[in-house]
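We use all heavy atoms of the structure for the numbers below, so side chains are in, but hydrogens, waters and symmetry mates are not. The structure presented is a predicted model; accordingly, all values stated were derived computationally and were not measured.
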Amino acid sequence: ISEGVAAPPGTLWFKVDGRAADDLWIVGSQGQALHFGGGELVSVSAAEVSSGASLFTVDAQGEDVIAVGGAAEGVILHYSSSEDLWIDRAPEFSPGINGICSGAGLTRAVGGQGTVYSRDGDSWSYELLGLTLRDYHACAISPEGGLWAVGGQIVSRPLNAGVVAYAGSQSVPALPGW
(Lines give C-alpha, C1' and ligand atoms only; values in the text may rest on other atoms or scores of the structure.)
Protein backbone atom coordinates (compact mmCIF):
# COMPACT_ATOMS: atom_id res chain seq x y z
CA ILE A 1 0.00 0.00 0.00
CA SER A 2 2.70 2.50 0.91
CA GLU A 3 4.50 2.25 -2.44
CA GLY A 4 4.26 5.54 -4.29
CA VAL A 5 3.03 7.41 -1.18
CA ALA A 6 5.40 9.90 0.42
CA ALA A 7 6.23 8.49 3.87
CA PRO A 8 9.50 8.25 5.79
CA PRO A 9 11.52 5.10 5.05
CA GLY A 10 10.64 2.26 7.40
CA THR A 11 7.11 3.50 8.14
CA LEU A 12 4.92 0.75 9.59
CA TRP A 13 1.16 0.87 9.02
CA PHE A 14 -0.97 -0.27 11.97
CA LYS A 15 -4.72 0.23 11.58
CA VAL A 16 -7.34 1.17 9.00
CA ASP A 17 -10.91 2.44 9.35
CA GLY A 18 -13.39 4.09 7.07
CA ARG A 19 -16.93 5.20 6.42
CA ALA A 20 -17.15 3.72 2.91
CA ALA A 21 -15.01 2.03 0.26
CA ASP A 22 -14.03 5.48 -1.00
CA ASP A 23 -13.33 7.06 2.43
CA LEU A 24 -10.60 5.10 4.23
CA TRP A 25 -7.96 6.22 6.75
CA ILE A 26 -4.72 4.40 7.63
CA VAL A 27 -2.33 5.30 10.48
CA GLY A 28 1.18 4.23 11.31
CA SER A 29 4.55 4.90 12.86
CA GLN A 30 6.29 8.27 12.94
CA GLY A 31 2.95 10.11 13.01
CA GLN A 32 2.03 9.05 9.50
CA ALA A 33 -1.54 8.95 8.20
CA LEU A 34 -3.03 8.20 4.80
CA HIS A 35 -6.46 8.96 3.36
CA PHE A 36 -8.09 7.20 0.42
CA GLY A 37 -10.88 9.35 -1.00
CA GLY A 38 -11.74 7.14 -3.95
CA GLY A 39 -9.09 8.38 -6.37
CA GLU A 40 -5.68 8.02 -4.78
CA LEU A 41 -4.02 7.37 -1.45
CA VAL A 42 -2.87 10.73 -0.05
CA SER A 43 -0.47 11.41 2.83
CA VAL A 44 -2.10 13.44 5.61
CA SER A 45 0.88 13.34 7.97
CA ALA A 46 0.41 14.18 11.63
CA ALA A 47 4.14 13.92 12.39
CA GLU A 48 4.52 17.59 13.26
CA VAL A 49 1.66 17.78 15.77
CA SER A 50 2.33 14.30 17.23
CA SER A 51 6.08 14.96 17.67
CA GLY A 52 6.63 11.93 15.44
CA ALA A 53 4.86 9.53 17.83
CA SER A 54 3.35 6.41 16.32
CA LEU A 55 -0.39 6.46 15.64
CA PHE A 56 -1.81 3.05 16.55
CA THR A 57 -5.53 3.30 15.82
CA VAL A 58 -7.89 5.47 13.79
CA ASP A 59 -11.66 5.88 14.11
CA ALA A 60 -13.63 7.39 11.23
CA GLN A 61 -17.09 6.26 12.35
CA GLY A 62 -18.07 9.34 14.34
CA GLU A 63 -18.42 12.94 13.24
CA ASP A 64 -14.61 13.38 13.11
CA VAL A 65 -11.64 11.29 12.10
CA ILE A 66 -9.64 10.67 15.29
CA ALA A 67 -6.23 8.97 15.55
CA VAL A 68 -4.54 7.93 18.80
CA GLY A 69 -1.04 6.89 19.77
CA GLY A 70 2.09 7.95 21.56
CA ALA A 71 4.34 6.13 23.99
CA ALA A 72 5.51 8.06 27.06
CA GLU A 73 2.90 10.72 26.31
CA GLY A 74 -0.37 9.94 24.57
CA VAL A 75 -1.92 11.79 21.66
CA ILE A 76 -5.56 12.08 20.60
CA LEU A 77 -5.59 13.77 17.22
CA HIS A 78 -8.73 15.16 15.58
CA TYR A 79 -8.54 15.79 11.84
CA SER A 80 -10.02 19.09 10.69
CA SER A 81 -10.94 18.63 7.04
CA SER A 82 -11.83 22.33 6.68
CA GLU A 83 -8.32 23.35 7.81
CA ASP A 84 -6.58 20.20 6.48
CA LEU A 85 -4.68 19.65 9.75
CA TRP A 86 -4.55 17.50 12.86
CA ILE A 87 -5.23 18.98 16.32
CA ASP A 88 -4.01 17.22 19.48
CA ARG A 89 -6.74 17.15 22.11
CA ALA A 90 -5.19 14.65 24.57
CA PRO A 91 -5.37 15.62 28.24
CA GLU A 92 -2.01 16.60 29.74
CA PHE A 93 0.13 13.80 31.18
CA SER A 94 -1.73 11.05 29.33
CA PRO A 95 0.11 7.74 29.02
CA GLY A 96 0.27 6.15 25.56
CA ILE A 97 -3.16 5.75 24.00
CA ASN A 98 -3.54 2.60 21.92
CA GLY A 99 -7.18 2.30 20.94
CA ILE A 100 -10.19 4.41 20.03
CA CYS A 101 -13.79 3.43 19.41
CA SER A 102 -17.16 5.03 18.81
CA GLY A 103 -20.75 3.86 18.86
CA ALA A 104 -24.06 4.46 20.60
CA GLY A 105 -23.33 8.21 20.49
CA LEU A 106 -20.12 7.77 22.51
CA THR A 107 -16.40 7.98 21.70
CA ARG A 108 -13.79 6.48 24.03
CA ALA A 109 -10.01 6.09 23.94
CA VAL A 110 -8.02 3.46 25.90
CA GLY A 111 -4.36 2.99 26.68
CA GLY A 112 -1.55 2.45 29.12
CA GLN A 113 -2.17 1.47 32.74
CA GLY A 114 -5.86 0.84 32.14
CA THR A 115 -6.66 4.41 31.15
CA VAL A 116 -10.03 5.22 29.61
CA TYR A 117 -10.95 8.63 28.21
CA SER A 118 -14.41 9.87 27.20
CA ARG A 119 -15.04 12.50 24.58
CA ASP A 120 -17.26 15.49 25.24
CA GLY A 121 -17.24 17.76 22.18
CA ASP A 122 -13.64 18.80 21.56
CA SER A 123 -12.38 17.78 25.00
CA TRP A 124 -11.47 14.47 26.57
CA SER A 125 -11.70 13.49 30.23
CA TYR A 126 -10.24 10.61 32.20
CA GLU A 127 -12.72 8.01 33.49
CA LEU A 128 -11.76 6.33 36.74
CA LEU A 129 -13.05 2.81 36.04
CA GLY A 130 -10.32 0.97 37.96
CA LEU A 131 -10.75 -2.22 35.94
CA THR A 132 -7.03 -2.99 35.54
CA LEU A 133 -3.53 -1.52 35.58
CA ARG A 134 -2.63 -3.49 32.44
CA ASP A 135 -2.37 -1.69 29.12
CA TYR A 136 -5.43 -1.62 26.90
CA HIS A 137 -4.81 -2.19 23.20
CA ALA A 138 -8.26 -1.86 21.62
CA CYS A 139 -11.88 -1.11 22.46
CA ALA A 140 -15.45 -1.38 21.18
CA ILE A 141 -18.72 0.17 22.30
CA SER A 142 -21.80 -2.06 22.40
CA PRO A 143 -25.19 -0.85 21.12
CA GLU A 144 -26.35 -0.04 24.68
CA GLY A 145 -23.19 2.02 25.35
CA GLY A 146 -21.10 -0.51 27.26
CA LEU A 147 -17.33 -0.31 26.84
CA TRP A 148 -15.30 -3.41 25.97
CA ALA A 149 -11.49 -3.15 26.18
CA VAL A 150 -8.75 -5.73 25.64
CA GLY A 151 -5.01 -5.72 26.25
CA GLY A 152 -2.49 -7.02 28.74
CA GLN A 153 1.26 -6.73 28.90
CA ILE A 154 1.74 -5.29 25.40
CA VAL A 155 4.80 -3.04 25.59
CA SER A 156 7.45 -5.59 26.60
CA ARG A 157 8.04 -9.30 26.39
CA PRO A 158 6.68 -11.70 27.35
CA LEU A 159 3.42 -10.58 25.76
CA ASN A 160 1.12 -12.09 28.36
CA ALA A 161 -1.20 -11.31 31.26
CA GLY A 162 -4.10 -10.61 28.91
CA VAL A 163 -7.13 -8.70 30.06
CA VAL A 164 -10.71 -8.44 28.79
CA ALA A 165 -12.70 -5.69 30.53
CA TYR A 166 -16.30 -4.51 30.34
CA ALA A 167 -17.89 -1.41 31.86
CA GLY A 168 -21.61 -1.04 31.31
CA SER A 169 -25.10 -1.98 32.37
CA GLN A 170 -25.27 -5.49 30.91
CA SER A 171 -24.50 -8.69 32.77
CA VAL A 172 -21.49 -10.45 31.23
CA PRO A 173 -20.77 -14.14 31.87
CA ALA A 174 -17.28 -15.32 32.80
CA LEU A 175 -15.00 -16.42 29.99
CA PRO A 176 -15.06 -20.20 29.37
CA GLY A 177 -12.45 -22.05 31.44
CA TRP A 178 -11.83 -19.15 33.86
Side-chain angles (χ1 to χ4, degrees), residues 13-29 31-37 44-47 49-51 53-71 73-152 154 163-170 172:
W13 302 106
F14 296 120
K15 302 279 179 27
V16 61
D17 193 34
R19 295 182 178 110
D22 61 353
D23 187 9
L24 298 173
W25 289 83
I26 303 169
V27 293
S29 62
Q32 297 303 304
L34 302 172
H35 180 238
F36 178 72
V44 190
S45 175
V49 71
S50 72
S51 300
S54 290
L55 301 176
F56 298 118
T57 307
V58 61
D59 182 271
Q61 301 305 309
E63 58 191 67
D64 298 343
V65 174
I66 304 172
V68 297
E73 188 170 349
V75 294
I76 300 176
L77 305 179
H78 291 231
Y79 183 71
S80 170
S81 58
S82 63
E83 299 177 52
D84 191 29
L85 58 82
W86 293 95
I87 302 164
D88 189 0
R89 302 211 186 274
E92 289 186 342
F93 310 112
S94 300
I97 300 171
N98 304 314
I100 182 148
C101 53
S102 61
L106 302 168
T107 304
R108 299 250 171 78
V110 297
Q113 299 143 14
T115 54
V116 176
Y117 296 95
S118 289
R119 179 182 182 189
D120 184 13
D122 285 339
S123 64
W124 290 81
S125 59
Y126 175 72
E127 275 192 72
L128 182 59
L129 296 179
L131 299 174
T132 185
L133 290 177
R134 300 284 182 197
D135 298 333
Y136 289 134
H137 178 72
C139 62
I141 297 176
S142 63
E144 73 281 348
L147 173 69
W148 286 92
V150 296
I154 62 172
V163 61
V164 175
Y166 173 77
S169 61
Q170 301 296 309
V172 178

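In terms of heavy atoms, Ala60 sits closest to Gly18 at CB-CA, 4.1 Å. Residues Asn98 and Thr57 come closest through the heavy atom pair O-OG1, 2.5 Å. When all heavy atoms of Ile141 and Gly103 are compared, the pair lying nearest together is CG2-O, 3.5 Å. In terms of heavy atoms, Cys139 sits closest to Leu147 at CB-CD1, 3.9 Å.
Applying the side chain to side chain donor-acceptor pair (under 3.5 Å) test to Ser29 and every residue at least two apart in sequence or in another chain returns nothing. Under the ring-ring contact (aromatic ring centres under 6.0 Å, His included) criterion, Phe56 pairs with Phe14, sequence neighbours left out. Judged as a side-chain contact (heavy atoms from CB on, under 4.5 Å), and not counting sequence neighbours, the contacts of Ala167 are Leu129, Leu131. By the side chain to side chain donor-acceptor pair (under 3.5 Å) test, Ser54 pairs with no residue at all, sequence neighbours left out. Not a single ring-ring contact (aromatic ring centres under 6.0 Å, His included) links His137 to another residue, sequence neighbours left out. The side chain to side chain donor-acceptor pair (under 3.5 Å) test applied to Arg89 returns no partner, not counting sequence neighbours. Scanning for side-chain contact (heavy atoms from CB on, under 4.5 Å) contacts around Ala33 gives Val27, Trp86, with sequence neighbours left out. With sequence neighbours excluded, the residues forming a side chain to side chain donor-acceptor pair (under 3.5 Å) with Trp124 are His78, listed by chain and number.
Between Tyr126 and Thr115, some side-chain heavy-atom pair lies under the 4.5 Å cut-off. Contact check for Arg119 versus Ile66: side-chain heavy atoms found under the 4.5 Å cut-off. Side-chain contact between Val75 and Leu55: present, with at least one pair of heavy atoms (C-beta onward) separated by less than 4.5 Å.
Evaluation of the salt bridge (charged side-chain N to carboxylate O under 4.0 Å, His left out) test over residues 124-144, restricted to residues two or more places apart or in two chains, returns Arg108-Glu127. Within the structure, the salt bridge (charged side-chain N to carboxylate O under 4.0 Å, His left out) test picks out the following pairs touching residues 13-23 (sequence neighbours left out): Arg19-Asp23. Residue pairs meeting the salt bridge (charged side-chain N to carboxylate O under 4.0 Å, His left out) criterion with at least one member in residues 76-86, sequence neighbours excluded, do not occur. Annotation: salt bridge (charged side-chain N to carboxylate O under 4.0 Å, His left out) contacts involving residues 93-106, sequence neighbours excluded, are absent.
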